[in-house]
2 protein chains.
Amino acid sequence: MLKPEKISKRQLILAEAAKLFKDRGYSGTSMRDLAGQVGMEAASMYNHIKAKDEILASICFRISDLYISQLGEISATAASYGDKIKALIRLHIRLMVEDGPAVSVANHDWKYLPEPKLGEFKQARKTYEKGFAALIEAGIAAGEFQPVNVSVALFTILSAVRWIELWYRPGRELSAEELEANIITVLLHGLERK
Amino acid sequence: MLKPEKISKRQLILAEAAKLFKDRGYSGTSMRDLAGQVGMEAASMYNHIKAKDEILASICFRISDLYISQLGEISATAASYGDKIKALIRLHIRLMVEDGPAVSVANHDWKYLPEPKLGEFKQARKTYEKGFAALIEAGIAAGEFQPVNVSVALFTILSAVRWIELWYRPGRELSAEELEANIITVLLHGLERK
DNA sequence: CCTACCGATCGGTAGG
DNA sequence: CCTACCGATCGGTAGG
């Protein structure tokens with residue numbers, strides 16, 4: 001028999017955990033902090049989750065799975081490399097706006113995963129980075145992009161979109177669409193006027 | 001009477017703390033971890049520092065003071081706005097390579113500062129960001145830069161240089177000079193070939 | 001889902 | 001700079 005209540009309680013714990021981990025870090029968040037946010041005693045949470053690090057793993061891998069599957073879809077389209085990069089930038093911004101705390105945890109707190117989860121996550125991240133880098137490399141080979149160092153281009157783009165969660169507040173002054181357009185301008189066309 | 005030994009012991013504690021905070025986070029690093037790294041008992045460190053959070057504050061404000069004073073010097077030169085931005089990018093890369101762990105702590109662990117230090121640090125960061133933004137704004141007004149949203153340009157540049165410490169290993173494949181040149185190309189000229 | 005509790009570890013102090 | 005120790009809090013379990 002399915003227990004929909006148990007599933008949603010677990011989701012609630014994961015969602016509140018993402019918010020707390022984002023604000024105070026994984027080590028800085030106690031199971032009692034989290035229990036208070038969820039509205040139960042710390043001991044009761046163990047009916048829904050196995051351990052503190054299982055919460056962390058669940059958040060991190062949900063996000064990395066999402067990114068990897070989306071990258072696959074975007075890579076498989078017939079668009080130009082410039083348009084594929086733009087689609088990836090939009091993907092990052094959209095996920096950041098819709099799922100901010102979890103994205104933040106996957107970006108910063110993954111290092112507290114215990115082995116072997118830590119190794120698996122690093123592997124997943126490397127898979128994503130390699131797929132992204134392959135698009136940049138192909139764009140250079142096709143003459144679409146400048147012949148820059150691929151790692152520098154990759155991490156400049158990734159860092160620009162990852163840092164959004166640290167300063168961007170939706171609605172205030174800049175809409176998500178304007179944010180996308182401006183980041184694409186800076187990264188693809190450059191700050192300097194030609 | 002000056003006690004040069006005490007001063008250098010304190011510096012040693014601060015240097016080792018920066019490395020541990022970078023790797024495990026502030027909350028994830030215990031005073032016993034740190035004491036082990038320094039080569040003394042946890043209790044003995046209190047002869048050199050007042051409290052754990054005083055270590056954090058010392059690291060964070062040393063870095064923020066450095067950035068603010070350097071920004072002032074660069075702003076005061078007669079260079080073009082493009083050259084001023086380039087000089088700031090080089091400053092960030094140089095400090096990252098020379099003082100990586102401390103820069104990393106100032107970028108990530110400042111949020112664990114207790115009040116009123118937390119407010120002071122946020123203020124210092126805002127001062128730096130406003131000075132940087134003023135250069136971008138002036139560059140746009142002078143027709144040197146494209147009319148992009150200033151916040152987007154500012155944080156795209158800042159994030160690109162801050163993220164370097166998470167992936168760049170000096171010497172391997174890419175020298176610091178090549179790194180500088182490539183980042184400047186992507187950020188100022190854009191990835192797409194014109 | 002709660003009460004009661006475990007052993008371990010935390011930042012920090014007393015006293016020498 | 002060390003030994004010895006403090007009260008608080010940690011992640012987690014037993015038992016209901």
Side-chain angles (χ1 to χ4, degrees), chain A residues 1-21 23-60 105 109-118, chain B residues 1-21 23-60 105 109-118:
Chain A
M1 183 169 133
L2 284 171
K3 295 180 178 174
E5 246 192 283
K6 262 211 171 174
I7 292 168
S8 81
K9 206 63 135 192
R10 181 182 159 89
Q11 305 297 12
L12 175 64
I13 291 171
L14 294 177
E16 293 301 323
K19 289 185 211 164
L20 287 177
F21 292 171
D23 288 340
R24 314 179 191 181
Y26 177 73
S27 304
T29 303
S30 74
M31 293 300 281
R32 285 157 180 83
D33 290 338
L34 178 53
Q37 210 63 31
V38 171
M40 56 174 74
E41 293 301 316
S44 306
M45 289 198 299
Y46 290 86
N47 290 300
H48 305 287
I49 54 104
K50 268 183 253 172
K52 191 187 180 190
D53 59 72
E54 193 233 345
I55 298 175
L56 179 63
S58 188
I59 295 168
C60 289
V105 170
D109 291 326
W110 58 268
K111 62 182 168 185
Y112 300 110
L113 286 169
E115 292 291 3
K117 293 279 179 65
L118 179 62
Chain B
M1 184 168 130
L2 284 172
K3 296 180 181 175
E5 246 192 283
K6 262 209 170 174
I7 292 169
S8 80
K9 205 64 134 195
R10 181 182 160 88
Q11 305 297 11
L12 174 65
I13 291 171
L14 294 177
E16 294 300 323
K19 290 184 210 165
L20 287 177
F21 292 172
D23 288 340
R24 315 180 190 182
Y26 177 73
S27 304
T29 304
S30 74
M31 293 301 280
R32 285 159 180 83
D33 290 338
L34 179 52
Q37 210 62 31
V38 172
M40 56 174 74
E41 293 301 316
S44 305
M45 290 199 298
Y46 290 86
N47 289 302
H48 305 287
I49 54 103
K50 268 183 251 172
K52 190 187 179 189
D53 60 71
E54 193 234 346
I55 297 175
L56 180 63
S58 189
I59 295 169
C60 289
V105 170
D109 292 326
W110 58 268
K111 61 183 169 185
Y112 301 109
L113 286 169
E115 292 289 4
K117 292 278 179 65
L118 178 62

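Just so it is clear: chains get the letters A, B, ... in the order the sequence lines come, proteins before strands, and each one is counted from 1. Just so it is clear, the structure is predicted and the values come from calculations on it, not from any experiment.
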Quick one: closest heavy-atom pair of [X] and [Y], and the distance?
| X | Y | value |
| --- | --- | --- |
| Ala17(B) | Ile55(B) | CB-CG2, 3.5 Å |
| Ile49(B) | Met31(B) | CD1-CE, 3.7 Å |
| Phe21(B) | Asp109(B) | O-OD2, 3.3 Å |
| Met45(A) | Leu34(A) | SD-CG, 3.9 Å |
| Val105(A) | Ala18(A) | CG2-O, 3.5 Å |
| Gln37(A) | Glu16(A) | CG-OE1, 3.1 Å |

Just how far, in rounded Å, is [atom2] of [N] from [atom1] of [X]?
| X | N | atom1 | atom2 | result |
| --- | --- | --- | --- | --- |
| Met45(A) | dC1(C) | CE | P | 11 Å |
| Arg24(B) | dC10(C) | CZ | C1' | 15 Å |
| Asn47(B) | dG16(C) | CG | P | 16 Å |
| Ile49(B) | dT13(C) | CD1 | C1' | 13 Å |
| Leu56(B) | dG12(C) | CG | P | 12 Å |
| Met31(B) | dA8(D) | CE | C1' | 17 Å |
| Tyr46(B) | dC2(D) | OH | P | 14 Å |
| Lys52(B) | dT13(C) | NZ | C1' | 17 Å |

Using a cut-off of 4.0 Å on non-hydrogen atoms, how would the nucleic acid contact of Ser27(A) be classed: base, sugar-phosphate, or nothing?
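No contact at all - Ser27(A) keeps every heavy atom at 4.0 Å or more from the nucleic acid.
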As a test of reading the structure: which of dG11(C), dT3(D), dG12(D) is closest to the side chain of Ala43(B), going by heavy atoms?
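For the Ala43(B) side chain, the nearest candidate turns out to be dT3(D).
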Side chains of Lys117(A) and Asp53(A): closer than 4.5 Å at any heavy-atom pair?
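They are not in contact (no side-chain heavy atoms under 4.5 Å apart), so the answer is no.
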Based on Watson-Crick and G-U pairs with both distances under 3.5 Å, what dot-bracket line describes DNA chain D 5' to 3', crossing pairs as [ ] and inter-strand pairs as |?
||||||||||||||||
Just by distance, do the side chain of Arg10(B) and the backbone of His48(B) share a donor-acceptor pair under 3.5 Å?
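Yes; at least one donor-acceptor contact below 3.5 Å.
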When you measure from every atom of DNA chain D, which of residues 33-42 of chain B have a heavy atom less than 4.0 Å away?
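Correct list: Met40(B), Glu41(B).
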Toward the 5' end of DNA chain C, by each residue's nearest nucleotide, Arg32(A) or Lys50(B)
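Between the two, 5'-proximity favours Arg32(A).
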Is Ser30(A) near enough to dT9(D) that one of its side-chain N or O atoms lies under 4.0 angstrom from OP1 or OP2?
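For Ser30(A), the contact criterion (side-chain N or O under 4.0 Å from OP1 or OP2 of dT9(D)) is not met.
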Is it true that the NZ or CZ of Lys52(B) lies under 6.0 Å from the centre of Tyr112(B)'s six-membered ring and within 45 degrees of the ring axis?
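Checked: cation-pi criterion not met.
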